[in-house]
Amino acid sequence: MEKKYSLGILGLGVMGRSLAQNFSRNGFEPLGFDIAPNLPEGFPIQTTNSIEVLTHSLKLPRIIFLMVPAGAPVDSAIQSLIPFLQEGDLIIDGGNSYFQDTERRTKELEQAGFEFIGTGVSGGESGALWGPSMMPGGTKSAWPKVKTMFEAISAKTEDGEACVAWMGSGGAGHYVKMVHNGIEYGDMQLIAEIYDLLHRGVGLSNLELSNIFAEWNTRELKSYLIEITANILARKDDENDQSLVDMILDEAAQKGTGKWASQNSFDLGIAIPTINSAVESRMISALKTERVNASAKLGSATKFDGNVQRLISSAQDALYTSKIISYAQGLSLLAAASKEYNWEINLAQVVGVWRAGCIIRATLLKDITKAFVGNPALPNLLLDPVFTEAVITRQKAWREVLQTAIGLGIPMLATGASLAYFDAYRSATLPANLTQAQRDYFGAHTYRRIDKPGVFHTHWEG
C-alpha cells in the first residue's frame, strides 16, 4: 500500500525545514517540497521536487503548509497547487503575509471549494524547530482539522498550555502576528535606547551592560529579548577579540510587518507612537553616511558625569514602563481591528499565546493575561490596577532617564514617545481646542463647544 503523509510543506528554507522536523517529531510525518532545495546533509525529512507527487502523496483531505516569502510567491505557490487539489483540501500560509492578502486568499479559495488558513508563526528557527507561538486565522471550519497537530508542535507555557489558538476569520491570524511584530519592534528599540544611553552616554562597557541586563532578567523585566541582549553584549568577535556587537554596522533592517502595523494604525485612528518611533528609528539608522557627515558638522553626544548607579536603576524602571506602553498600544490596535473587521479577537487568548515560544515572550504577559481575563472590555492596559500602579510608581525615574538623555544628546525616540503617550492619555484636556480653532479659522471646518450642543463656525477676522 502506498504511503500517505500527514501534510506537505512547500518551501524548505530555514523555517520550513525546522517546522517539518517539528511536525515529524510530534507524530505528523510531512513530505517536503522546494523548487531549489538547499538542504543540510542528513536532513531527515522525505522530499520531492514534483507538485504532483507532493499532492498525490498526502492523506485526504490534503493539508499543505506554505513556508515561502510573503507576497507574489504565496499566490504563485497557491496557483501551482490548485490543479492537483480537490474540494475540502486545506492550504496554510505560515509566512509573514499582509493580512489583507490573507483576507483575499481566504475568500478566493473558499469560493473555489478549498479551505485556507493564514497563521502567524513566531519564535525564529529555534521556535519553529522546538515549539513556536502560533496565531492561525482564515476558514473557521479548517481549524478542527489542524488543531491537534498545531497544539502538538507549538510552544508550551510553564503550566503546560499550548501557545496556539484560533484568532478569527479571514486575516485575523496574520493581523495578530503583524501587531506582535509591531510590539517586538517597540521592545527592541526601547532596549537599544537604554543600551545606547548607558554605553555611549555613561561609558559602561559591553561586559558591564551584559551583567546588568542579565540581572534585570531575573526580575520584572525577565523576557526573551532581555535574555538575548545580555548574551549578545557578552559575546566576543572570533576574529579580533573585540565585542562582536561593536563590529556590527548600525543600520537596522526591516521586513515590513512593523511598517504595516504603523500604516494600519492610521487607517483605524489608533495611536501607537512607541511602535511608530521604532519603525522611524530604523529608517534613520539607514542614513549612515548622512549621520556620519552630520556628526562632524552638528556635534555629537556628551558624557554623563552624574550618579551612575542611580541612572542604571532609573533606566530599569524606564525600560519597564515603556515596555508596558508598547504592549498597551499594540493591544489597543488589536481591539480596534477586531471591531473594524468583525473578527471577535479574544485579547486574553492572544496574550496567552504569546507567553512562550515567541520573540516578545515576557514575565509581564502573565499580568497582562490576567488583566484581560478579568476585564475583556478593558479599553487600555494602563487602566488595569496592576499596570496603573506599575507606571505611576516609576514615572519619576522614567522622566529622569529622558531628561538625562536630552541633556547628553542621546536620542531616545521610542522611550520619549512612550512617556508622551502616557502623558497624553492621562490628560483630561489637550490643546486640540486650539487645533480645532485653527482649522475653523483657515478652512471653516467648524468646531463643537463644551457648554452647549451643536456645530459652530466663527468668522475669526470679523
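Predicted, not measured: the structure shown is a model, and the values here were computed from it.
Within the structure, ring pair (Phe, Tyr, Trp, His ring centres under 6.0 Å) pairs that include any residue of residues 379-413 comprise W398-F422 (at least two apart or interchain). Applying the side-chain hydrogen bond (donor to acceptor under 3.5 Å, both in side chains) rule to pairs touching residues 428-437 yields Q436-R439, sequence neighbours excluded. Sorted by first and then second residue, the ring pair (Phe, Tyr, Trp, His ring centres under 6.0 Å) pairs involving residues 247-288 (not counting sequence neighbours) are Y98-W260. Sorted by first and then second residue, the pairs that involve residues 164-174 and meet side-chain hydrogen bond (donor to acceptor under 3.5 Å, both in side chains), not counting sequence neighbours, are T102-H174. For residues 344-367, every residue pair satisfying the ring pair (Phe, Tyr, Trp, His ring centres under 6.0 Å) rule, not counting sequence neighbours, is listed here: H180-W354. Sorted by first and then second residue, the ring pair (Phe, Tyr, Trp, His ring centres under 6.0 Å) pairs with a member in residues 271-302 form an empty list; sequence neighbours excluded.
Residues satisfying the salt bridge (Lys or Arg N to Asp or Glu O under 4.0 Å) criterion with E151, sequence neighbours excluded, are K147. Residues passing the side chain to side chain donor-acceptor pair (under 3.5 Å) test with T157 are D159, sequence neighbours excluded. Here F304 pairs with nothing under the ring-ring contact (aromatic ring centres under 6.0 Å, His included) rule; sequence neighbours left out. Taking the ring-ring contact (aromatic ring centres under 6.0 Å, His included) definition, one finds that Y175 meets it with F99, W343, sequence neighbours left out. Contacts of F372 classified as ring-ring contact (aromatic ring centres under 6.0 Å, His included), with partners at least two apart in sequence or in another chain: none. Looking at residues two or more places apart in sequence or on another chain, you find a salt bridge (Lys or Arg N to Asp or Glu O under 4.0 Å) between E400 and R310.
By the neighbour-count criterion of 12 heavy atoms within 6.0 Å, atom CD of E251 is densely surrounded, having more than that number from other residues, nucleotides or ligands. Counting non-hydrogen atoms of other residues, nucleotides and ligands closer than 6.0 Å to CG of D267 gives a total above 12. The environment of R448 atom CZ is sparse: at most 12 non-hydrogen atoms of other residues, nucleotides or ligands sit within 6.0 angstrom. Annotation: I35, atom CD1; neighbour count of heavy atoms from other residues, nucleotides and ligands within 6.0 Å does not exceed 12. Surrounding CZ of R235 are at most 12 heavy atoms belonging to other residues, nucleotides or ligands under 6.0 Å away.
Each of R355, K366, R361 was scored for a salt bridge (Lys or Arg N to Asp or Glu O under 4.0 Å) with E158, with one residue passing: K366. Of the residues listed (K145, K107, E110), the one engaging T139 in a side chain to side chain donor-acceptor pair (under 3.5 Å) is E110, and it is the only one.
Not a single donor-acceptor pair under 3.5 Å links the side chain of Q189 to the backbone N or O of A414. A donor-acceptor distance shorter than 3.5 angstrom exists from the side chain of N217 to the backbone of S223, with no hydrogens or angles considered. Distance alone, capped at 3.5 Å, is enough to place a donor-acceptor pair between the H199 side chain and the L204 backbone. Side-chain atoms of D440 do not come within 3.5 Å of backbone N or O of H457 as any donor-acceptor pair.
The heavy-atom pair separating V68 from G11 by the smallest distance is CG1-CA, 4.3 Å.
Y185 carries R282 over the face of its six-membered ring, with the cationic atom under 6.0 Å from the centre and within 45° of the normal.
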Report the C-alpha distance between D250 and S285 in whole Å, list the side-chain angles of each, state the deciding distance to 0.1 Å, and finish with yes or no for side chain to side chain donor-acceptor pair (under 3.5 Å). CA-CA 7 Å; D250 56 323; S285 79; over 6 Å; no
Starting from the C-alpha separation in whole Å, work towards a yes-or-no answer on side chain to side chain donor-acceptor pair (under 3.5 Å) for R399 and Q395. CA-CA 6 Å; R399 296 180 191 283; Q395 67 164 313; 2.9 Å; yes
Which is it for S418 and T274 under the side chain to side chain donor-acceptor pair (under 3.5 Å) test, yes or no, and what are the steps along the way? CA-CA 5 Å; S418 300; T274 303; 2.8 Å; yes
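Taking OG of S313 as the start and CH2 of W216 as the end, the distance is 9.0 Å to the nearest 0.5 Å.
Contact annotation: the side chain of I91 never approaches that of R105 to less than 4.5 Å [non-hydrogen atoms, C-beta and beyond].
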